[in-house]
Visitor: 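Below are the structure tokens for one structure; questions will follow.
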Amino acid sequence: MESRYSPKTIEPYWQKLWQDKAIFKQYARPKKFYVLDMFPYPSGLGLHVGHPKGYIATDVVARAKQLQGFGVLHPMGWDAFGLPAEQFALKHKVHPSRAVENNIATYKRQLDAIGFTYDWDREINTTDPRYYRWTQWIFLQMFEKGLAYESDEPINWCPSCQTGLANEDLDDGACERCGTIVEQKPMRQWVLRMTAYADRLLEGLDRKELEWSEEIKAQQRHWIGRSEGAEIDFKIDGSDKVITVFTTRPDTLFGATYCVLAPENKLIDELKGSVANWSEVESYREEVKSRTEIERTAEGHEKTGVRLEEVSAINPANDEKLPVFVADYVLGHYGTGAVMAVPAHDERDFAFARKFNLPIRDVISRIYILKDENKEKDGLETLHRRVVDPIIRDKEGNFYLIKESEDHVHFAGGGIDEGENEIQALSREIIEETGFTDFTIGDRLYPQISCWGYRHTKNKNQRSVGPAYEIILNSNTRIHSEVEDGRHELLKIKKEDVLKTITWEHHQYLFERYLGGQNAYIEEGVLIDSGEFTGLSSEEAKKKITDFVKGRWVTKYRLKDWVFSRQRYWGEPIPIIHCEHCGAVPVPEKDLPVKLPEVESYAPTGTGESPLADIPEWVNTPCPKCGGAGKRETNTMPQWAGSCWYYLRFIDPMNEKSLVGGGAEAEWMPVDLYVGGAEHATRHLLYARFWHKFLFDIKAVSTDEPFKRLVHVGLINASDGRKMSKRWGNVVNPDDIIRDFGADAFRLYELFMGPFTQNIAWNTEGLVGTRRFLDKAWSVRSHVSEEKDVTDAAHLEALLHKTIGKVTEDIDAFRFNTAISSLMILANAMSKEPRVSKSCYETFVLLLSPFAPHIAEELWRTLGHGESVFLAVWPAYDNSKVLEESVVMTISINGKMRDLMTVPQDISEEDLGAQALIREKIRPFLEGKTVKKIIIVPGRIVNIVI
RNA sequence: GCCGCUGUGGUGGAACUGGUAGACACGCACGACUCAAAAUCGUGUGCCGCAAGGCAUGUCGGUUCGAUUCCGACCAGCGGUACCA
């Protein structure tokens, strides 16, 4: 054995041996474990130190699992179609296939230097025709089932990248690659009906066996954006046309005071003849069209719109005629592109109504149920009462008037009597209760509030509901009132103290909303002023009102179908032939793959057509159905297509009969552990789940969720906190780190830096720590006794077993940083011992081996083993060896640590308490105090309460 | 705005089901070795204080004998999403 640890010599040696001897192809074992990385997109820049973090983690797990007796599948491949590769090729004037080849070679060399267990016999490359043959095959299956279809809807078009994009490819309305703001461009495109799987994609997330972080699940749920609601028809007055609106709140239908159509809504064109101000409407629509999504949102949600003069919609609930507007706050692509506006209960409608001076009618009130003794009593008559409350302030708003009665403090409101309206009742109540007569009635506040409870003065249940108004006192003119009789007290309270002073909860709420300014009440509650539905809860009313107006209960999604064609060269050709007679005809399976033709120029055409369209000898081909003249589809698939199913191909990469053989598929699926960046939450992971569920439906796979456990890796940023990028000149190359510190120190450091899922800044200085640790682990080898009967000190043995437990658990839980720290503690302890037993050191080497495989293999062999350490067996944990005879206990006074005491493991509680009290450090604290209680937590703490 | 996550020494971070806050590591200081330096080894290192002791886990409250951990309100940062009816 070398006396000095030299990673440069041992690392390439063992890497070669592991490959040559196929150490990591123990596939025949009875238990399987499929561990997968999100395969890289090989860019021209090569790897930086941030990239391998996830790969190192899966490698640690793969090695540990093999030691624990599993047959482990741990493959690697390349995702290489798509714009980045094509743009790199254009810039460097090489063919994309050449560029990809070179980039892969660089990546592979860099990865191999880190020492991974990949089975390169299973390497796949999405741009290889033998691979994309099956990507095309899956597309054809979708086409057969009607899940792939052509559409002419406007799509997101990036004028700089010259291609259409899916919704998922946008970043704040801009192309996520180049930052150019996208346009809406109508063009023919292929679309995958992902919405058909929306519910199943949601459902799958709720499965118990799916071990995914809440974060990613929440992101996917949000992206799918399922909402249930009603489609309700509003007839157009004097016409047979209807406006169909979508609403999640049919319970607010009686509060609708107008309708809004999205500018894109085709119904507007149909109404052209009856719109009096057509030119105004038309110019508004033009204006909206010219503004991008970004501009629309940048305006701070300021509402704009135009009324369709002389058009009215009829509210099917009460036959009221409502004005109709066109406004861009209603989106054309969601729901039905039309809404009923209920300003009292929707923020956007509220803002629009205020701006355009439209009526606001509240039909939902918040319920307050009085507490305890004031709860409604069964079997009593229930009174329904309309009330109104004044919020009375002086001119300056310095103080507010509140009434104190019996044991409550509240606003001085009261009931509305027969024949009175709100304003009359309000005026009367103010004068009666406060005596003030010179006041102005201000804003009516939202919402009305219902207060339900038992009134013992009447021995009845009472449900009162009503609005509040702001009242401004103009002068001190007063007359005789209840206050003067001494029955009540009138309090003058400063604004900031009002909330504290009021005792009725519903009046507190009222005042809070008053302070918050006028806004819509968007929560659910109980219906008011809603005809026969008055008094129902929102929940009850939703379906009843929908039925009443013959509406349909429907489900809508935010998720859209996946725009699947790109007008670029470097992608999988879509295997379709267009024929004048037969339409879109699938390429027969026997003719797959449709190979991407070799071309001189693959730059985008600038016409919105794929460069493939310029190659007549490729495009022109007979129709497979009728034999007539046909033309190949010239659009290609998006970058994400190949990654939708690659994990299946790893299982059976050479199969020429099917994408994956059934037996092998059933043997290895699902993927037990999948590790990759969180940035793929709504694209790759959603797309792949969609394809997988489809493959499950056509019985190509046996599971309907592909990835059992998903862990997302935290990013490594540059030391300046920014992303590592050529642009900032802050990129650190793993080659340099491996040259200076060795691959093992590099692997350890990547995982030791911090919690695995957390983002963190790179710091090369930290590497000396993990390197020193390896040096120490190496030097301890010279303490190892060659004699058989040497036993370790008791504390070392206990520590060893603690470490076995800790490392085993931590690897499972992805707590690599603390696993490594516990290995450091063990190494430090061994280095202090003059003699360490061989078995102790061997166990240490085994525990270290997943993290630092090269040094572990080298040390293992010097201990006299002829076979690889990775064919050995993971050490077993013995709990009985962890317990020591004596234990250190904390003595604290009132929870504060004061002293430590070493006692035997089996000491009785009485002895413990007694001994604690007479400790030298403790006694001074007890002087002149009484000991109230002594709390003992065995093995941990004695707490003296004084 | 909404959803999710995170706030602990000079730095990265640790703390199991509420029980010694700061493990492990970096850095720094001092010492040993050396002609010297690097490397290595040893000792120390939350803050204030000579000390006894006090103060400390984003802020303010609460529960508890005892809170980084549980509860409530707030503040800050990161990520996702945003006029989705």
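Residue numbers start from 1 in every chain, and the chains themselves are labelled A, B, ... in the order their sequence lines are given, proteins ahead of strands.
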Visitor: Could you go step by step and tell me if A:His680 and A:Met38 meet the side-chain contact (heavy atoms from CB on, under 4.5 Å) rule?
Guide: CA-CA 9 Å; A:His680 292 114; A:Met38 289 184 190; 3.4 Å; yes
Visitor: Would you say A:Glu168 and A:Trp223 are linked by a side-chain donor-acceptor pair, where the criterion is simply a distance under 3.5 Å?
Guide: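 Yes, side-chain donor-acceptor contact under 3.5 Å.
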Visitor: Take the protein atom NE2 of A:His333 and the nucleotide atom P of B:A82, then report the distance between them rounded to whole Å.
Guide: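 These atoms are roughly 10 Å apart.
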Visitor: For the pair made of CH2 in A:Trp778 and P in B:U40, what is the distance, rounded to whole Å?
Guide: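 For the pair A:Trp778 CH2 and B:U40 P, the rounded distance is 17 Å.
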Visitor: Let me have a per-nucleotide readout for nucleotides 16-33 of chain B, 5' to 3', with B, S or -, counting only protein heavy atoms under 4.0 Å.
Guide: B--BBS-BBSSS------
Visitor: Between B:C50 and B:U64, how many Å separate the two P atoms, rounded to a whole number?
Guide: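 The answer is 39 Å between these two P atoms.
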Visitor: Run A:Lys217 and A:Glu211 through salt bridge (Lys or Arg N to Asp or Glu O under 4.0 Å) and show every step you take.
Guide: CA-CA 10 Å; A:Lys217 286 197 277 190; A:Glu211 298 167 55; over 6 Å; no
Visitor: Could you check, using the six-membered ring where one of them is a Trp, whether A:Phe741 and A:Tyr749 have ring centers closer than 6.0 angstrom?
Guide: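 Here the rings of A:Tyr749 and A:Phe741 have centres that are no less than 6.0 Å from each other.
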Visitor: Find the distance A:His345:NE2 to B:A85:P and express it as a whole number of Å.
Guide: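 The distance from NE2 of A:His345 to P of B:A85 comes to 17 Å, rounded to the nearest Å.
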Visitor: What does A:Glu214 touch in the nucleic acid at a heavy-atom separation under 4.0 angstrom: a base, only the sugar-phosphate, or nothing?
Guide: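 Result for A:Glu214 = nothing.
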Visitor: Using a heavy-atom cut-off of 4.0 Å across all strands, would you classify A:Arg226 as base, sugar-phosphate, or nothing?
Guide: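 No contact at all - A:Arg226 keeps every heavy atom at 4.0 Å or more from the nucleic acid.
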Visitor: Please measure how far the P atom in B:A67 lies from the corresponding atom in B:G58, and state the result in whole Å.
Guide: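 Straight-line distance between the two P atoms is 15 Å.
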Visitor: Going by a 90° cut-off around 0, is B:G9 syn or anti?
Guide: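 Syn for B:G9; the angle stays within 90° of 0.
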Visitor: Does B:A85 have OP1 or OP2 sitting under 4.0 Å from an N or O in the side chain of A:Tyr329?
Guide: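 No, because none of the side-chain N or O atoms of A:Tyr329 sits under 4.0 Å from OP1 or OP2 of B:A85.
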Visitor: With the side chain of A:Asp346 defined as its heavy atoms from C-beta on, choose the nearest nucleotide among B:A85, B:C65, B:U81.
Guide: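 That would be B:A85.
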Visitor: Separation of A:Phe773 atom CZ from B:C41 atom P, in whole Å?
Guide: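 From A:Phe773 CZ to B:C41 P: 14 Å.
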Visitor: If pairing requires Watson-Crick or G-U wobble contacts with both distances under 3.5 Å, which nucleotide is the partner of B:G27?
Guide: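 B:U45 is the nucleotide pairing with B:G27.
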Visitor: Under 3.5 Å, is there a donor on one side chain and an acceptor on the other for A:Tyr521 and A:Thr252?
Guide: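 There is no such pair (donor and acceptor under 3.5 Å, judged by atom type) between the side chains of A:Tyr521 and A:Thr252.
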Visitor: Centre of A:Trp212's six-membered ring, under 6.0 Å away, within 45 degrees of the axis: is that where NZ or CZ of A:Arg689 sits?
Guide: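 The answer is yes; both the distance and angle limits are met.
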Visitor: With C1' as the reference atom in both, quote the distance from B:G42 to B:A21 in angstrom, rounded to an integer.
Guide: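 Nearest-Å result for B:G42 against B:A21 at atom C1': 27 Å.
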Visitor: Does the side chain of A:Tyr284 pick up a donor-acceptor pair with the side chain of A:Thr304 at under 3.5 Å?
Guide: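 Judged by distance alone, the side chains do pair up.
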Visitor: Using the P atom as the point on both nucleotides, what is the distance between B:A29 and B:U6, in whole Å?
Guide: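 B:U6 and B:A29 have their P atoms separated by 36 Å.
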Visitor: With a 4.0 Å cut-off on heavy atoms, is A:Pro755 in touch with a base, just the backbone sugar-phosphate, or nothing at all?
Guide: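 Sugar-phosphate contact only - A:Pro755 comes under 4.0 Å of backbone atoms but never of a base.
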Visitor: May I ask you to verify whether the side chain of A:Lys303 and the base of B:C83 hold a donor-acceptor pair under 3.5 Å?
Guide: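 Yes, a donor-acceptor pair under 3.5 Å.
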Visitor: Would you indicate which nucleotide in B:U81, B:A85, B:C65 comes nearest to any side-chain atom of A:Val339?
Guide: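 Looking only at heavy atoms from C-beta outward on A:Val339, the closest nucleotide is B:A85.
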Visitor: Suppose you measure atom P in B:G9 against the same atom in B:U59; what distance do you get, rounded to whole Å?
Guide: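 The answer is 10 Å between these two P atoms.
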Visitor: For B:A14, give its Watson-Crick or G-U wobble partner with both distances under 3.5 Å, or none.
Guide: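 Paired with no nucleotide.
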Visitor: Rounded to whole Å, please give me the gap between CG in A:Leu686 and P in B:G80.
Guide: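 A:Leu686 atom CG is separated from B:G80 atom P by 16 Å.
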Visitor: Applying a 4.0 Å non-hydrogen cut-off, can you work out what A:Phe350 is touching in the nucleic acid: base, sugar-phosphate, or nothing?
Guide: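 Nothing, no heavy atom under 4.0 Å.
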Visitor: Without decimals, in angstroms, what is the distance between A:Asp810 CG and B:A14 C1'?
Guide: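 Computing the A:Asp810:CG to B:A14:C1' distance gives 11 Å.
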Visitor: A:Met194 and A:Asp561: which non-hydrogen atoms are nearest, and at how many Å?
Guide: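 Taking every non-hydrogen atom into account, N-OD1, 3.1 Å.
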Visitor: Taking the C1' atom of each, how far is B:G7 from B:U69, in whole Å?
Guide: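 Comparing C1' positions in B:G7 and B:U69 gives a spacing of 14 Å.
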Visitor: Evaluate the ring planes of A:Phe352 and A:Tyr329, with Trp represented by its six-membered ring, and classify them as parallel (under 30°), tilted (30 to 60°) or perpendicular (over 60°).
Guide: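 Rings of A:Phe352 and A:Tyr329: tilted, as their planes differ by 30° to 60°.
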Visitor: With a 3.5 angstrom cut-off on both distances, give the Watson-Crick or G-U wobble partner of B:C5, or none if there isn't one.
Guide: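 Per the H-bond distance test, B:G77.
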Visitor: Does a salt bridge link A:Asp251 with A:Lys542, judged by any charged N lying under 4.0 Å from a carboxylate O?
Guide: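 Salt bridge between A:Asp251 and A:Lys542, a charged N being under 4.0 Å from a carboxylate O: no.
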Visitor: Determine which nucleotide pairs with B:C60, using a 3.5 Å limit on both distances of a Watson-Crick or G-U wobble pair.
Guide: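 Here B:C60 is engaged in a pair, and the nucleotide opposite it is B:G72.
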Visitor: Mind checking the C1' distance from B:C24 to B:U34? Whole angstroms is fine.
Guide: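 The same atom, C1', in both gives a distance of 31 Å.
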Visitor: According to the Watson-Crick and G-U wobble definitions, with both distances under 3.5 Å, which nucleotide is paired to B:A38?
Guide: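 With both distances under 3.5 Å required, B:A38 matches none.
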Visitor: Of A:Ile944 and A:Ser227, whose nearest nucleotide on RNA chain B comes first from the 5' end?
Guide: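 The residue closer to the strand's 5' end, by nearest nucleotide, is A:Ile944.
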Visitor: Quick one: look up who B:A21 pairs with, Watson-Crick or G-U, both distances under 3.5 Å, and put none if it's unpaired.
Guide: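 Because no pair has both required distances under 3.5 Å, B:A21 counts as unpaired.
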Visitor: Within this structure, what is the CD-to-P distance between A:Glu750 and B:G12, rounded to whole angstrom?
Guide: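 Checked: the CD to P distance equals 18 Å.
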Visitor: To the nearest angstrom, how far is A:Asn759 atom CG from B:C5 atom C1'?
Guide: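 From A:Asn759 CG to B:C5 C1': 10 Å.
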Visitor: Using atom P of each nucleotide, how far apart are B:A15 and B:C30 to the nearest Å?
Guide: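 That atom pair is separated by 33 Å.
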Visitor: With both distances under 3.5 angstrom, what nucleotide forms a Watson-Crick or G-U wobble pair with B:A82?
Guide: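 Pairing partner: none.
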Visitor: NA contact type, A:Gln758, heavy-atom cut-off 4.0 Å: base, sugar-phosphate, or nothing?
Guide: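 Result for A:Gln758 = sugar-phosphate.
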Visitor: Tell me which of A:Ala218 and A:Thr682 sits closer to the 5' end of RNA chain B, going by the nucleotide each one is nearest to.
Guide: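 Of the two residues, A:Ala218 wins.
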